[in-house]
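One structure is given below, represented as structure tokens, and several questions about it will come after.
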Amino acid sequence: MLKVSNVTAGYGRTVILQDVSIEVGRGEVVTIIGANGAGKTTLLRAISGLVKPSAGRITFDGTDIAGMAPADIVGRGLIQVPEARQLFPVMSVRDNVLMGAYHPAARAGADRRFAEVLDLFPRIGERLDQLAGSLSGGEQQMVAIARGLMANPKLLMLDEPSLGLAPIIVQQMFGIVDRICEMGTTVLLVEQKAFHALKIAHRAYVIENGRIAIENTGAGLLADPHIKTAYLGI
Amino acid sequence: MDVLVQLILNGIMLGSMYAIISVGLTLIFGIVRVVNFAHGEFLMVGMYAVYLLSLHLGLHPYVSAVPMVLMLFAVGALVQRFIIQPLLGADEHIQIFATVGLSTALINLALLVFGADLYSVQAPGVRQPLSIGGYTVLHAQVVMLASALVLVAGLHLFMQRTPLGRAIRATAQNRNAAQLMGVRVDRIYVIAFGLGAACVGLASALISPLFPVTPTIGTYFVLTAFVVVVLGGMRSMYGAFLGAMIIGIVDSLSGYYIAPDLKEVVYFAIFILILIFKPTGLFGFGRGTE
Amino acid sequence: MKVLIKAALAAGLALSAAPSFAQDAVRIGALYPFSGGLALLGDESFRGLELAIEERNAAGGLNGRKIEMVRGDAVDPNQAVGEARRLTSVDKVSVIFGTYSSSLSLAATQVAELAGVPYFELGAISDPITERGFKNVYRTNPTARIFANRMVDAVAEAVAPALGTDAKSLKVAIIHEDSLYGQTVAGYQQARAKEVGLNLVETLPYSAKSVDLTPVILRLKSAGADVVLQTSYQNDTVLFFRQMKEQGFKPKAVMGAGGGYSLRDTMQAVGPENMEGALNVDFTQYRTNPKAAPGIEEFVKKYEAKYGTAPRSGHSLANYMGAKVLLDAMAAAKDLTAPAIREAVMAVDVTEGTTATGWGAKFNEAGQNERATPFLMQWQGGELVTVFPADAAVAEIKTGIGAE
Amino acid sequence: MTVRVSLSEAPPAGRLAALMAWLGNPRVYTSLAALSLILVIPIVVDSPFIVHVFVTICVFAGLSTAWNIVGGYAGQLSLGHMVFYGIGAYTTALLIQHFGLTPWLGMWVGAAVSVAVSVFIGYPCFRLRGPFFALATIAFLEVVRLLAIHFHGFTGGSAGLIVPLKLGWAWMIFQDKINYLYIAFGLLLATLAVSYAIRTSRLGYCLTAVREREDAASAAGISNTDVKLKAVMISAGLTSLFGSFHAMYLTFLEPETMFSLANSVSIAMFALIGGLGTVAGPLLGTVLVVPIAELARGWLGASANGLHGFVYGVVLVLITLTLPGGLAGTFGPRVTALIDRLPGRRVAPDREAPALRHIEGTPGEPVLETRDLVMKFGGLTATDHVSITLRRGEILGVIGPNGAGKTTLFNQISGFLKPTSGTVVIYDAEGRPVTPARADEYARLGVGRTFQIVQPFGKLTVIENIMIGAFMRHTSVDDARAAALRIARLVGLLHVKDVEARNLPIGDLKRLEVARTLATEPSILLLDEVMAGQNQTDTQKMVELIRTIRDTGVTVIAIEHNMQAIMSLSDRIVVIDSGKVIAQGDPREVVRNRRVIEAYLGEDFVDAQGL
């Protein structure tokens, strides 16, 4: 469904990603793990069209989307929930969630999805008229995911949904990600908290210094001693 | 006491004129983050167009409001697309110089085409004074105040209730996330600049019956509009509206109680103090130090 | 369009500073603001000079020598200095005529004085132009002080009699825009009002760029001003008249010091019915009794023939009159050196009522024409007619402002 | 045409020889030759009008050059600069009028007043960025102009002031106009010299640093406000001198011309057209525009009002769109390359680097302590009662998951954030505990930091970037350059030393970040993820480098995600999660701590692995 082949990308002349290739099949949950600064976010930005790759191809459903406008990529159902939430802080929660269905391709059925999303996140339903900036970190992350779901994603990319959340909330967050995967949405999950991410993943990649270091099934990586080494240096 | 009420009344009327212009400037600054030094010249262009429509087609200036809003929307959109957009990545000094250059070009273009003479639009009836309990306002001023209120309310509804309005707000708050929602931000900037200029289009139609047009008429308003925008906190339409009312009243009162030639000093002093001590504007809607 | 091409050619020629000009031609400088915000009246002033010189050339020139004109364009004082330098050095003109604007004149005359080239001021009114002890600066038009005095005196001599009251019982207010023009005239008005003992109730300066004059009007209203003396440009005149009406302020008389009051555009913008009765002290205008100003009608004809429109203001007439007087003086001088010209100018003696402006000409030591006085005019039925002094008048003075 | 040579580059052997060698540099002699044309042309042509044009060029080029010190070097867009010109003019003229003081003295009084006013305006306004600063300067200009009109008893008001025509050098008023040109040219030369001296001095580098990145400049010990104030004071003084001279030249002053917004914009425009922030730019812009404007007024102005203004405006817009670097910025490098091919170029010999700062103290004693640091952002507690002690000579590793609050901690111990509660204590050279107020004070006390998101001065070369740091300990440019070269060699950036920083790959940028900080010769070094983005060999080199630095007596505290590296490097580890210190001690023990593994890999992982 999504195929990234030999992509090199960066900002200005600063190269962040080098010759990266990954693949996500329909209905799959794929995880990318790696340390800070390894290039995970840049990879997602390249897929979403926010960074133009200097080399390589990105195809989605068979179409080359490398170099397409971000809006057109969104229109094809390739949706990113960005790192650190990136809500619209002085807009209401309702407006934030509705912004997810802004693209014309997502307008049909938006009302139905709005109901579904509120079902998934009852907390959001209680706070629809509050400003998004006034929510707690966990609630903000829920809004960000809800906003992503409103876009009717064929493939949902989640960039570190556990970032900066208290441990108890992290558990909840992964519960939600679990449910989204179970609902059949194809998910590309970028995480630092490796364990849970790997547990729900069909397949996983480890990214180090802008390159794919390891590729394996989620379970396979869990057993790989390299993970502990990479994270804890032991 | 009578004089005080009349002065405040005049201040509010003056304020509603500043409001329409400043709301446009605020839209452009708040969303595109560009300080448009050519804003006053947009007004001047609009006023000449109103004059021409009145001269050749006999259009009442209020009727001209419709074509003016459309025309200035186009002017603003084109300026954004062909002058500001290519400079968005550049140093902000460069953008300021570009709008200053545009302002110089427009003033002189008007001088070239119309000369230094002043033209005034005839609009029967609108300058009729209206007496309310012994105080005087003009029909045109009432229309101005009503228009300012309708404009702010209309823009509010547009921004709050429509998908496009939401997208504009979203872009202003987080350009990156807006892109991820499928918003074409370049297009949003063009629309926002156009809307800002369109406000001036409305202003030009409403102001024409009150002031004759000359090439430099824009400079009469633009510095005041900057003061209002800073007072209102840069990003907020309501802030701009309230700021305009305050400046209008300050203008009116200081002209009477201090000295007519020092009223600019008074509001420039307010402006400097606000910038320095409360850069978020009087009402805390925005941030000036960003 | 023809005019434009001619002007362009003239400018081109001026730049190429041709030594190919006939040796016997007399070269004179014409320094005015031809571009920028002052362009309209700068050009209008220049037309008066141009007509006077054409007339002179048609009559055989200056003692048989043709007069060649070199234009200088100045927008601000720095450019006035530059253009004056160019005229006195590159083009080596014998004299300079100018300038309409007082600040340009002040700057340019400093240059001419040091260069020893006579400077003939035909229109700028700032008094210091001829109060600096310069030897080579002469002015034919009345100064700001004369304007101010005429306005204040007119309150006693013309307005009060027309109202049938004593001048001392009238509450007089002075309002003025705060640039050089307004501040200067108003300063002299204040001094004169004190001197003659008028009851001056308010003096209010304001910016000509003001978009709201209601505070001024409300202060006048509160003070109960009967007579308002205004020194203003065009925009602020329009604003004042409109807002005066709107605020229901009806003084017994309003008097302007030329500027915006003299322009037909102003009257049209305000509306003839609202401008009715507005008094104005200015250079001689066209609705003046030709008996007091012989040649005025011929001037208008010549002007219309050459430029295809009626004169836009009295500036051209004043420049025309001044240029004629001074050209005569140049013709009378034994040569065109500065001392000879000074001698000739000092010898000029033209009695009042014999020129197209009705002014006479007699220069004092400082170079100021002491026989130039502005007339008192009034807008009546959409026309600016001279009402005072009696021999120049074509109509009776009326009281009140605005048609009933 | 940026000229980068300096007198002080000459060897100390003999003043005359040094001067000759300096004059032998093609950049110097071509610049001087070009400049002398401004004087030679009018003398040769000998027409007062040409003299006037050149006097105008000198005045506006000088004003623009002076403006450029604030607008270009410091990046503060002043659009009210004529306020200083007007103050200079009025002060001089009033002193002549009331006290008969010669303008040669009056101009210095005017400059002093302008400098005082510039501090009054600059100090509060420098907090404003970009367009707001510009608007504030316009407002000040308007206020001063309106006040000058209002208080006409003092200033002469709109009617203006007339300078008495007392001829002679004593009164700066001449019949022979060429004398004006001598003075104007002298002033211009002096202003260019000042501008050049600033550009090539420590102040110039500091101004550039502040313009490009205020935070990185603070980290290099530069007080942003101080250098901006210095720039505006110098600029205001010079602008004022030109105002005084021009008043003597015009002999007539009025508020409209003296405090003109249009002219304020013009001088900024000249600098923009010529090249913002370059020495030659403002002069080039003026030389190009003033004569064209004079001619255009002659040719176009007479035929149609406003045509030349229209053309001028359109040209400005086109220049911003096509040549944002201005003439000097766009063509400068090519022209200098051509000039350098001329004979006589001389390469300055490399200097011996000055001695390193010696760090005193006993290993093991505390050098920095935090006591209960709490930092709240809105509802979020980023650091929660963090108390750590840093001991002299150790390498302390700080680890923890993303968003744990590590960088927030760094920002507090380097002065970039003020803790909500709690204190930071640094022990100075004498062992006294101090708490500095601002980031640049921390830096000068010896706390050097890098930024996680690299903060290079993009338009400066690598060596210049490092010099910004080196200026903290070395005032002379040569010393700073020599010290910077030593650092560049140490961190392995020598091969790219003349590359502009914005063109570096991420690995080099990380090293540059370290290099700039090292150049400040810190006694405490804060490293924020300097290994990220480095490959295996580079990481290894970095580890060795950090050890070497430590061996010179520097105490190191490093945030790192590269676990292998940090584990092998650190003497001690502090683990932070959700703003709290959850473990600290020996690296081996820390990673076996259950809470640490949970924080990193998740609770379930710990359970699953049975740890």
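Sequence lines set the chain letters: A, B, ... in the order given, protein chains first and strands last, and positions in each chain run from 1. Computed over heavy atoms, backbone and side chain alike; hydrogens, waters and symmetry mates excluded.
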**OP:** Sort B:Phe97 into side chain, backbone, both or neither according to what part of it lies under 4.5 angstrom from a heavy atom of chain D.
**Re:** both
Subject >> Over 12 non-hydrogen atoms of neighbours within 6.0 angstrom of OH in B:Tyr257 >> reply: yes
Original post:
Is it the side chain or the backbone of D:Leu272 that comes within 4.5 Å of chain B heavy atoms, both, or neither?
Top reply: side chain
Original post:
Which heavy atom of D:Ala139 sits nearest a heavy atom of B:Phe268, and at what distance?
Top reply: CB-CD2, 3.8 Å
Original post:
Going from CG on D:Leu261 to OG1 on B:Thr219, what distance comes out if it is rounded to the nearest 0.5 angstrom?
Top reply: 9.5 Å
Original post:
To the nearest 0.5 Å, what is the distance between CD1 (B:Ile274) and CZ (D:Phe132)?
Top reply: 13.0 Å
Subject >> Among D:Val265, D:Leu321, D:Leu318, D:Leu316, residue most engaged with chain B (heavy-atom pairs, under 4.5 Å) >> reply: D:Leu321
Original post:
Which atoms of B:Leu223 come close to chain D, meaning under 4.5 Å heavy atom to heavy atom: side chain ones, backbone ones, both, or neither?
Top reply: side chain
**OP:** Heavy atoms only, distances under 4.5 angstrom: which of B:Val34, B:Thr99, B:Leu109, B:Val100 has the most pairs with chain D? Name it, please.
**Re:** B:Leu109
Subject >> Minimal non-hydrogen separation, B:Gly101 against D:Met269, with atom names >> reply: N-CE, 4.2 Å
Original post:
So which of B:Thr104, B:Leu106, B:Ile272, B:Val35 has the largest heavy-atom pair count under 4.5 angstrom toward chain D?
Top reply: B:Ile272
Subject >> Atom group of D:Leu276 that falls short of 4.5 Å from chain B, counting heavy atoms >> reply: side chain
**OP:** Sort out for me which of B:Leu102, B:Val227, B:Asp261, B:Val266 touches chain D most, counting heavy-atom pairs under 4.5 Å.
**Re:** B:Asp261
Original post:
Is B:Phe37 close to D:Leu135 at the side-chain level, that is, under 4.5 Å between some pair of heavy atoms?
Top reply: yes
Original post:
In terms of heavy-atom contacts, does CZ of B:Arg187 have more than 12 from other residues, nucleotides or ligands at under 6.0 Å?
Top reply: no
**OP:** Measure the CG-CD1 distance between D:Leu77 and B:Ile94 for me, rounded to the nearest 0.5 Å.
**Re:** 9.5 Å
Subject >> Segment of B:Leu87 engaging chain D (4.5 angstrom heavy-atom cut-off) >> reply: side chain
Subject >> Separation of D:His150 NE2 from B:Glu264 CD (nearest 0.5 Å) >> reply: 12.5 Å
**OP:** Could you look at D:Ala268 and say if it's the side chain, the backbone, both or neither that has a heavy atom under 4.5 Å from chain B?
**Re:** both
Original post:
Given that the side chain runs from C-beta out, which part of D:Phe133 has a heavy atom under 4.5 Å from chain B: side chain, backbone, both or neither?
Top reply: neither
